[in-house]
Amino acid sequence: MLRKSIRQLGTICGYLAGVFLAGIAVATFAQISARQFGIPIDTTELSGFFLAASTFLALAYTFVNGGHVRIELVSQFAPKRVRLAIEIWACAAAILIVGYATWHMTAFTIQTYTFGDLSPGLMAMPLWIPQSAVSFGLIVMLLSILEQFSVVLTGRRGDYEYNTDSTAE
């Protein structure tokens with residue numbers, strides 16, 4: 001039940017990442033179209049916020065579906081027990097690294113909210129809004145790594161080992 005919920009959350013974040021990518025395209029199209037009519041619109045700041053949201057919201061979906069680059073040069077030729085030990089080590093290291101980044105980014109977002117920081121561009125948007133998408137994406141990534149770590153600890157292959165989007169295999 002919990003595994004399914006985490007997977008669904010990662011999938012929802014993947015779709016949201018796609019929405020933000022589409023938002024970049026719409027903002028760029030609006031800027032180009034407005035320029036043709038002599039209306040200056042600056043969407044650089046908004047596109048940057050959308051890019052950050054898209055990048056971090058897509059992390060968990062990409063991880064679970066095997067989209068991140070993995071180097072299996074050593075582990076693919078190792079015996080099953082050694083491969084399991086390598087996978088456990090890799091997941092534990094990922095938990096520590098992503099956990100550290102999640103902790104500090106979330107603390108930074110809360111601090112930004114507390115101080116009421118605004119973006120320096122023309123929009124003057126509260127910075128906690130785009131930062132919260134980054135923090136949320138990291139939180140979901142951490143949950144996904146923990147979920148896959150529990151799979152690996154039981155001796156099964158992690159879902160991330162199967163690239164669901166690959167046509168080359």
Leu122 atom CG, neighbour heavy-atom count above 12 within 6.0 Å: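 Counting other residues, nucleotides and ligands, CG of Leu122 stays at 12 neighbours or fewer.
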Of all the heavy-atom pairs spanning [X] and [Y], show the shortest one and how long it is.
| X | Y | answer |
| --- | --- | --- |
| Tyr61 | Thr11 | CD1-CA, 3.9 Å |
| Ser119 | Phe49 | CB-CZ, 3.7 Å |
| Leu138 | Ala101 | CD1-O, 3.9 Å |
| Cys91 | Val152 | SG-CG2, 4.3 Å |
| Phe20 | Ser54 | CB-CB, 3.9 Å |
| Gln148 | Arg3 | NE2-NH2, 4.1 Å |

Taking a hydrophobic cluster as the set of Ile, Leu, Val, Met, Phe, Trp and Tyr residues connected by side-chain heavy atoms closer than 4.5 Å, whether directly or through intermediates, do [X] and [Y] fall within one such cluster?
| X | Y | value |
| --- | --- | --- |
| Phe37 | Ile32 | no |
| Ile110 | Met125 | no |
| Val140 | Leu57 | yes |
| Phe50 | Met123 | yes |

Side chain to side chain contact (heavy atoms under 4.5 Å, CB included) partners of Ile95, counting only residues at least two apart: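 Side chain to side chain contact (heavy atoms under 4.5 Å, CB included) list for Ile95, sorted by chain: Leu142, Ile145, Leu146, Phe149.
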Output the distance between atom [atom1] ([X]) and atom [atom2] ([Y]), rounded to the nearest 0.5 Å.
| X | Y | atom1 | atom2 | answer |
| --- | --- | --- | --- | --- |
| Leu9 | Phe136 | CG | CZ | 4.5 Å |
| Leu127 | Phe108 | CG | CZ | 7.5 Å |
| Ile6 | Ser150 | CD1 | OG | 7.5 Å |
| Thr102 | Met141 | OG1 | CE | 9.0 Å |
| Leu16 | Ile12 | CG | CD1 | 7.5 Å |
| Leu118 | Thr112 | CG | OG1 | 10.5 Å |

Side-chain donor/acceptor of [X] to backbone N/O of [Y], under 3.5 Å:
| X | Y | answer |
| --- | --- | --- |
| Ser47 | Thr44 | no |
| Ser132 | Ile129 | yes |
| Gln31 | Asp42 | no |

Centroid-centroid distance, Tyr100 to His104, less than 6.0 Å: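 When the ring centroids of Tyr100 and His104 are compared, they turn out to be within the sub-6.0 Å range.
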Identify the residue among Val64, Ile139, Leu59, Val98 that makes a side-chain contact (heavy atoms from CB on, under 4.5 Å) with Ser144.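 So, applying the side-chain contact (heavy atoms from CB on, under 4.5 Å) to Ser144 and each of Val64, Ile139, Leu59, Val98, only Val64 qualifies.
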Are the side chains of Thr109 and Val134 in contact, using a 4.5 Å heavy-atom criterion?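 No, their side chains stay 4.5 Å or more apart.
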